[in-house]
Every structure is written in structure tokens, then in C-alpha cells.
Amino acid sequence: MASAAFLDVHFTFPTSSSNPKNRTPLFPSHLKPPPGKRFFIIASNSSKSTPSNSASTETLEYPNSSTPSLSDQLKPLSATILPETAGKDDNLLQTQLLSKPKSIWVNPTKAKRSVLSLQRQKRSSYAYNPQIRDLKQFAMRLNECQAEAGLMKALFGESPHEMSRENALLLLNSLKHWNKVVLFFDWIKEEKLFEVDTIFYNVVMKSLRFGRQFDLIEELANEMVSNGVELDNITYSTIITCAKRCNLFDKALHWFERMYKTGVMPDEVTYSAVLDVYAKLGKVEEVLSLYERGRANGWKPDPIAFSVLGKMFGEAGDYDGIRYVLQEMKVLDVKPNVIVYNTLLEAMGKARKPGLARALFEEMVAEGLTPDVKTLTALVKIYGKARWSRDALELWERMRANKWPMDFILYNTLLSMCADIGLEEEAEKLFDDMKRSRQCRPDSWSYAAMLNIYGSGLKADKAMAMFEEMSKKGVQLNVMGCTCLIQCLGKTKRIDDLVRVFDLSLKKGIKPDDRLCGCLLSVASSCDENDTDKVLECLQQANPKLVTFVSIMEDSQTSFDSFKEEFRTLIGETAVEARRPFCNCLIDICRKRNLQERAHELLYLGTVYGLYPGLHNRTSVEWCLDVRSLSVGAAHTALEEWMGTLSKAVERKEALPELFTAQTGAGTHRFSQGLSGAFASHLNKLAAPFKLSEDRAGFFVASREDIVSWVQKSSTPHLSPSRVVT
DNA sequence: TTAGGGTTAG
């Protein structure tokens with residue numbers, strides 16, 4: 001019988017070796033657990049493994065009722081037994097574990113106790129059922145029937161054939177909604193037609209999983225236990241994956257631990273399902289620990305297990321991890337299938353490795369695999385984010401030449417890629433393709449991508465035409481499309497159109513998010529007073545607290561302390577990605593209204609709350625002000641603040657570096673254009689001695705001598721920083 | 001296609 005158990009769970013064997021002295025040592029001497037440490041027990045009293053899928057009849061004794069959780073148990077394991085093995089190849093692992101007295105659980109020539117059964121659970125075969133047609137028809141009738149529970153149960157008795165075990169199973173499999181499946185199952189039990197066994201429970205659970213009814217699944221599992229019906233690997237994997245899909249990860253792990261406790265050894269399906277649970281929890285160490293443990297026991301992971309690992313490393317943006325997965329597959333001679341390639345491509349994208357993603361894709365094609373829509377979607381997205389226009393366009397050509405499959409997500413991803421790279425004509429062509437295609441009509445995402453393209457190119461007429469077209473075709477505008485359009489209308493100063501679009505959007509049910517509010521605030525910060533009021537009226541409907549903050553900001557009676565408190569509350573309630581834009585726009589508004597001190601206070605607060613990380617960089621040879629993530633007004637404010645700081649440093653005769661630089665970026669990014677020019681004119685206004693660098697694009701530079709002489713020449717204390725930020 | 005695991009969109 002299987003008798004692996006986790007950790008310091010003591011168990012007794014009702015066999016000749018129940019005396020601990022007769023057992024093979026649990027750990028090789030070099031792997032003995034340090035005193036007081038808990039360990040994962042994976043060894044056994046027997047040199048032969050007898051994996052079993054059935055519930056154990058062995059008595060398991062527990063020293064106490066509070067068994068440590070699996071993750072607690074895994075921690076000491078990963079920290080002590082196998083810490084340096086993760087990420088290394090299998091040979092090394094073998095060498096490490098075989099170097100001293102032979103471990104009973106790593107010797108590949110011997111079968112051994114393991115954490116998983118190396119044999120997948122066998123399914124029972126079934127004979128062809130000649131009544132299948134009638135029963136399927138009967139199932140169809142039941143599926144269409146809307147009757148209440150009592151009537152449904154009466155209908156079950158009208159089966160065209162005798163309700164034998166086989167017929168009932170067939171019918172159970174053919175019912176679509178979990179509600180009816182449960183009703184039918186209850187009926188079978190009430191009628192006592194035959195004993196329901198594990199397979200029946202498994203079929204019902206599968207249906208419940210589809211309906212995400214974890215509570216009901218757990219109820220059934222407990223019913224099995226009380227009725228003495230065996231829970232097998234299929235039962236456990238269904239329970240575990242249902243819990244996972246319902247985001248009940250603790251439940252998933254609870255049932256996994258329970259398997260071991262009741263002596264059921266997981267097979268590779270259950271095991272990889274659990275790897276995925278840990279992966280989804282972001283518990284990389286635990287996943288690797290289980291993985292290595294399985295490997296040390298002779299498990300040859302299949303593509304599905306590697307897909308789980310690949311996805312996990314992708315989520316973590318861990319490139320070394322991705323390489324590890326590739327390496328392991330190579331060592332074990334496991335050929336990746338399309339899904340594994342897709343997962344690894346996604347992962348490469350998340351790890352920001354476009355070149356390696358391209359190489360992997362070529363390898364996949366060279367292996368003779370045909371990329372599917374997910375493969376292509378992943379790659380298109382990667383090229384777009386990397387702004388690799390040539391590769392993106394070549395790929396598109398290839399897709400058409402090879403007649404590779406397309407779907408609406410891929411079309412939309414291609415459109416988004418065009419927006420990222422600024423390929424207007426190509427996007428228009430794609431959009432037309434899409435309109436002509438039978439399966440893929442443009443939807444909200446497609447239109448949002450087009451609005452993004454026209455918006456960033458400031459093509460307000462075309463953007464408005466898209467907006468009208470959507471309305472005519474009955475395509476719902478989404479919040480992203482709305483944001484792109486509003487941004488475009490704001491930048492092209494079509495404020496009346498903007499107000500109309502905004503009002504219509506609200507009527508159509510758009511729920512403004514913080515990005516849209518940031519966009520409105522940005523428009524408000526850049527137009528004349530009359531228009532600003534119109535935009536703030538829109539903002540009032542979307543985010544009244546933000547508008548209130550603007551008036552607090554303008555009120556000279558507001559003390560710094562209460563201003564700070566208001567700012568803290570506002571930013572705390574704002575989505576992370578919109579915080580810096582909010583602060584930038586608020587500073588711009590202050591500068592436009594000649595509220596310089598408030599602008600400096602906002603920059604200070606923004607820095608304190610971490611909205612401008614890396615604004616100031618100091619080394620012994622160079623002090624740099626990096627304003628690339630600032631708006632024009634915020635960059636001006638930061639420059640003034642910095643020059644004030646530098647003046648003080650000179651006056652105090654502090655040690656200064658040789659070089660001072662201000663980095664604005666070269667303006668190649670479509671959002672940062674204009675910052676360099678605006679910054680230069682402000683330098684000019686302050687008569688600050690920075691010059692555009694000839695050899696470092698996007699940098700303004702000044703020497704120590706320049707700065708010192710500038711300070712000495714400036715007789716009046718023209719710039720006194722309100723609060724020094726360094 | 002009749003019981004279980006992995007992959008796509010600001």
C-alpha cells in the first residue's frame with residue numbers, strides 16, 4: 001500500500017516492519033534533518049513501490065490534530081534538502097544526491113516510495129451501448145425541459161430503456177446543466193436502482209466543476225467518505241481543479257494533503273494540477289520543490305507539467321526560469337507541443353525578451369508545428385510592445401501567405417500592435433479586412449484600437465468618424481476607446497465635441513475609470529479658462545473628489561498640513577497607474593494659474609509618496625535630474641527646485657561632482673514629444689547654464705564650474721526652494 | 001466526442 005506522507009506525520013505500518021527499528025532509514029545520512037526541523041517524509045519501509053490509486057486501508061496515526069499545512073511543510077524542505085538544485089540540470093541533481101550513501105529515493109535503478117505514482121490511473125473500459133441513440137434523444141428532451149425539481153424527477157422515470165447502471169451513466173454524462181445532473185443523481189439514489197460508485201460521483205463532480213459549484217463538490221466528497229465510496233485520483237483532481245477555478249486555493253491544497261493522509265498516491269495528473277495551484281499562488285519555491293521531488297522519484301514530467309512551470313516563470317518575469325524549463329525538456333527529451341510553445345512565448349514576452357521569443361517561434365516552425373491563434377497573438381503582442389515594426393509586419397505577411405488561422409482576438413491584437421508602433425495605414429487595411437471577414441466583425445476592442453491610433457496621431461476627424469460609425473453599427477464604446485477619443489479631442493482643442501462625446505458616453509453606460517479622469521484632468525490643465533471649466537464640469541460627474549481637490553489647491557487659506565492630508569487621501573483612492581499622471585496634471589494646473597508654491601508642494605508630496613522614483617540620481621562624478629516621467633509643468637518645477645538645491649550646495653561649499661545633467665529623453669516616444677523643447681526654454685528663462693549634450697541624446701549638461709559661476713552671478717536669491725527634495 | 005491536469009487582448 002502507498003504510505004508516503006508529508007512531514008512529521010507519524011504513521012504505523014500494520015506489517016512486519018511496524019517496529020521502527022526494522023525500517024530502512026528515512027534519510028540518507030547526509031540528508032538527515034537537523035534537530036527540531038520538520039521534514040517531508042518521502043521514503044518508506046520498503047524498497048519496492050506499490051503505487052495504488054485506491055483508498056488505503058492502512059491505519060494512519062497522527063501525533064496531533066494540527067498537521068502543518070503543506071506549504072509550511074515545503075518551506076523547510078526547499079530550504080534544507082534541495083536548495084541549490086533548483087535551476088540546475090538533472091545530472092547535477094543526481095550527482096548531488098548519489099554522492100554519499102545511496103539514497104533510497106533517488107536511485108534510478110530501483111523502484112522506490114515516491115510522492116507520486118508513476119502510473120496514471122487506469123480507466124475502466126465500457127462496451128458499446130446499442131441504446132445510445134434513444135438515450136441521447138431522451139437526454140436532449142431533458143436538457144430542453146424547464147420543469148421544476150419534482151416534475152423533472154418524474155420525467156426521469158420515462159426513460160425509453162431500463163435505467164441500468166450503464167444507461168444511467170450515459171444519461172448523466174449527457175445532461176448539460178449541473179442542476180439537472182444533481183437532480184438525476186439524487187433520483188438514482190432515491191430510487192435505489194443500484195449502488196452508485198466512484199465513477200458516478202466523478203461524473204457529477206465534473207459537471208459541478210463546470211458550474212463552479214465547489215461547495216456542492218465538497219458536500220459530495222464528504223458524502224463519499226461517509227458512505228465508504230472510494231475517492232480516487234480522478235475524484236481528487238476534479239475537486240482540486242474546481243477549487244482552483246473558484247480561487248479557493250487553500251481548499252485545493254487541503255484536499256491534496258488529504259490524499260496523502262488517506263493513503264492515496266497522486267498520479268501525474270493530480271500532481272501537475274497541484275503544481276499549478278502552487279504556481280497560481282506564486283509559490284515558486286514550493287513548485288520547484290515538488291517538481292524536484294517528483295523528478296528524484298523517477299517522474300518524467302510531460303508537456304502539461306512544463307506548461308505549468310513555463311507559465312509560472314512567465315508570470316514572475318523570470319527569464320532564468322524559462323531557460324530552466326527549456327533545458328529540462330531537452331535533458332528529458334520531451335518535445336514541446338503547441339501549447340507549451342505558446343506558454344513559453346507568453347513568458348518570454350513577460351520577461352521582455354523579444355529576440356528570444358522570435359528565436360523560439362522559429363524553432364517551433366522548424367519543428368514542423370503550425371502556430372495557432374494563441375501563438376500568433378502572443379508574438380504580435382511582443383513585437384508591438386518592443387516596437388519592432390519590421391518583424392511585426394513581416395509576421396503579418398507570413399500569416400497571410402501561410403493562411404495561418406485568424407480570430408477576432410488576433411485581429412484586435414494586430415490593431416493594438418499598429419497603435420503601439422504608429423502604423424496607421426496598416427491598421428486601416430486590417431480593419432477593412434476584418435469588416436470583410438465573415439467570422440470577425442470589429443468589436444469594442446477593434447474600435448478602441450482604431451481610436452487609439454487616430455488619437456495618438458491627432459486625427460480628430462477620423463477619430464470622430466469612427467465614433468459615429470460605432471454608434472451606427474451598434475458597437476458599444478468601451479472605456480479605453482472613450483479615453484483615447486477624449487484625449488484626441490482635448491489635444492486638438494475640440495472641447496465642445498469632447499463634452500458631447502463624454503456626455504453621450506455616460507449615457508451609454510461607460511463607467512469612467514481613473515485613466516479617463518486623468519485624461520480629462522490633463523485636458524483641463526492645458527486649455528484656456530473657459531474651456532477648463534467645461535472640462536472640469538465633465539470631471540465633476542466622473543470624479544467629484546478630484547474637482548474638490550482642485551479648488552482646495554487654489555484656496556490660499558489651505559495650510560500645507562491640511563493640503564498634504566487631502567493629497568494623501570486623494571492619491572490613496574486612485575489606481576496606482578493613474579497616480580503620477582494625476583500629480584503631473586495638478587502641478588500643470590497650478591503653474592498655469594500662477595500658484596508656483598502649490599506646484600512645488602505637489603512635487604514634494606509626489607516625491608514623498610513615491611510617485612517620482614529616480615527623479616534625482618547622484619554619484620560622486622555626476623548628479624542627474626531625470627524628468628522623463630514628468631509633465632512639462634512638473635519638469636519646470638523640478639528644475640527650479642533643483643537649481644535652488646544646487647545654489648544652496650554651492651553657497652554651503654558642499655562637495656560637488658564634476659558633471660550635472662538633466663535628462664528629458666529624446667522625445668522619440670509619442671507621449672514625451674515636446675518635453676525637451678519646453679525644458680530648454682525654461683532653462684533659458686532661468687539663465688541656467690545647461691546645454692543640450694551632443695553625445696548623449698536627451699541630456700542637458702553643465703560642468704561644476706558652470707554651476708558655481710551661475711550661482712555667483714545670480715546676486716538675488718531668485719530661487720528659493722520651498723522644500724528641498726533630494 | 002460518454003469520469004481528472006496546461007496556453008490568447010489596453
Side-chain angles (χ1 to χ4, degrees), chain A residues 53 120-129 132 135-136 139 166-175 181 197-209 231-242 244-245 252 266-277 279-280 301-312 314 325 336-347 349 371-382 384-385 405 407-417 419-420 443-446 448-449 451-452 478-481 483-484 513 515 577:
Chain A
N53 292 309
R120 186 190 288 221
Q121 180 179 326
K122 295 267 187 304
R123 293 174 185 228
S124 52
S125 56
Y126 52 87
Y128 173 74
N129 186 337
I132 188 163
L135 288 163
K136 285 268 175 188
E166 284 66 34
N167 284 353
L169 206 47
L170 211 149
L171 207 52
L172 206 54
N173 266 301
S174 310
L175 292 176
V181 172
D197 57 19
T198 307
I199 296 183
F200 277 86
Y201 280 95
N202 290 349
V203 174
V204 178
M205 283 187 181
K206 180 192 175 187
S207 174
L208 287 170
R209 188 183 66 168
L231 283 79
D232 64 13
N233 257 284
I234 296 178
T235 320
Y236 279 111
S237 61
T238 311
I239 297 171
I240 289 166
T241 51
C242 178
K244 186 173 71 181
R245 284 177 203 185
D267 67 5
E268 63 173 338
V269 175
T270 315
Y271 205 68
S272 57
V274 170
L275 284 185
D276 194 41
V277 172
K280 294 232 158 30
D302 65 1
I304 293 180
F306 285 119
S307 171
V308 168
L309 292 187
K311 168 117 191 184
M312 172 184 75
V325 173
N337 60 19
V338 174
I339 296 182
V340 173
Y341 273 115
N342 291 353
T343 310
L344 291 174
L345 279 171
E346 266 288 300
D372 65 11
V373 282
K374 288 177 185 169
T375 321
L376 298 165
T377 300
L379 202 58
V380 167
K381 193 175 142 194
I382 290 169
K385 293 268 165 281
D407 71 353
F408 73 105
I409 295 182
L410 180 49
Y411 264 118
N412 287 346
T413 309
L414 279 162
L415 286 173
S416 301
M417 175 273 290
D420 280 334
D443 66 354
S444 303
W445 285 69
S446 329
L451 288 168
N452 190 4
N478 63 23
V479 68
M480 185 198 172
T483 306
C484 293
D513 61 6
R515 285 183 200 220
E577 73 273 10

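First the proteins, then the strands, lettered A, B, ... as listed; each starts at 1.
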*Answer yes or no: does a side-chain N or O of A:Arg209 lie under 4.0 Å from OP1 or OP2 of B:dG5?*
yes
*So does A:Thr270 reach the base of B:dG5 with its side chain, donor to acceptor, closer than 3.5 Å?*
no
*Quick one: does A:Asp302's side chain have a donor or acceptor within less than 3.5 Å of a partner on A:Ala305's backbone?*
yes
*Let me know the distance between CG of A:Asp302 and P of B:dG5, rounded to the nearest Å.*
13 Å
*Checking all strands, does A:Ser124 fall into the base, sugar-phosphate, or nothing category for heavy-atom contacts under 4.0 angstrom?*
base
*Using a heavy-atom cut-off of under 4.0 Å over every strand shown, decide if A:Tyr126 touches base, sugar-phosphate, or nothing.*
base
*Which is true for A:Ala448 with a 4.0 Å heavy-atom rule: it touches a base, it touches only sugar-phosphate, or it touches nothing?*
base
_Quick check for you: among B:dG6, B:dG4, B:dA9, whose closest atom lies nearest to any side-chain atom of A:Val308?_
B:dG6
*Check whether any side-chain nitrogen or oxygen of A:Arg120 sits under 4.0 Å from OP1 or OP2 of B:dG4, and answer yes or no.*
no
*A:Lys311 vs B:dT8: side-chain N/O to OP1/OP2 distance below 4.0 Å*: yes
*For A:Phe200, answer base if it contacts any base atom (sugar-phosphate contacts may also be present), sugar-phosphate if it contacts only those atoms, and nothing otherwise; contact means non-hydrogen atoms under 4.0 Å.*
nothing
*Per the atom types in the model, does the base of B:dT8 pair as donor or acceptor with the side chain of A:Thr377 at under 3.5 Å?*
yes
*asked:* Within the 4.0 Å heavy-atom criterion, would you say A:Asp276 contacts the bases, only the backbone, or no part of the nucleic acid?
replied: sugar-phosphate
_Can you list everything that forms a ring-ring contact (aromatic ring centres under 6.0 Å, His included) with A:Tyr271? Sequence neighbours excluded, please._
A:Trp299
*If you take atom types as modelled and just measure distance, does the side chain of A:Ser237 reach the base of B:dG4 with a donor-acceptor pair under 3.5 Å?*
yes
_Applying a 4.0 Å non-hydrogen cut-off, can you work out what A:Asn337 is touching in the nucleic acid: base, sugar-phosphate, or nothing?_
base
*asked:* I'd like to know if the side chain of A:Asn233 and the backbone of A:Asp267 have a donor-acceptor N/O pair within less than 3.5 Å.
replied: yes
*Can you name the closest pair of heavy atoms from A:Arg209 and A:Thr238 and give their distance?*
CD-O, 3.9 Å
*Looking at A:Lys136, does any N or O in its side chain come under 4.0 Å of the phosphate oxygens OP1/OP2 on B:dT1?*
no
*Applying salt bridge (Lys or Arg N to Asp or Glu O under 4.0 Å), name anything that partners A:Lys374, two or more places apart in sequence or on another chain.*
none
*Does A:Asn342 make a side-chain donor-acceptor contact with the base of B:dG6, cut-off 3.5 Å?*
no
*B:dG4 phosphate, OP1 or OP2, under 4.0 Å from A:Lys206 side-chain N/O*: yes
*Shortest side-chain distance from A:Ile132, nucleotide among B:dT8, B:dA9, B:dT2*: B:dT2
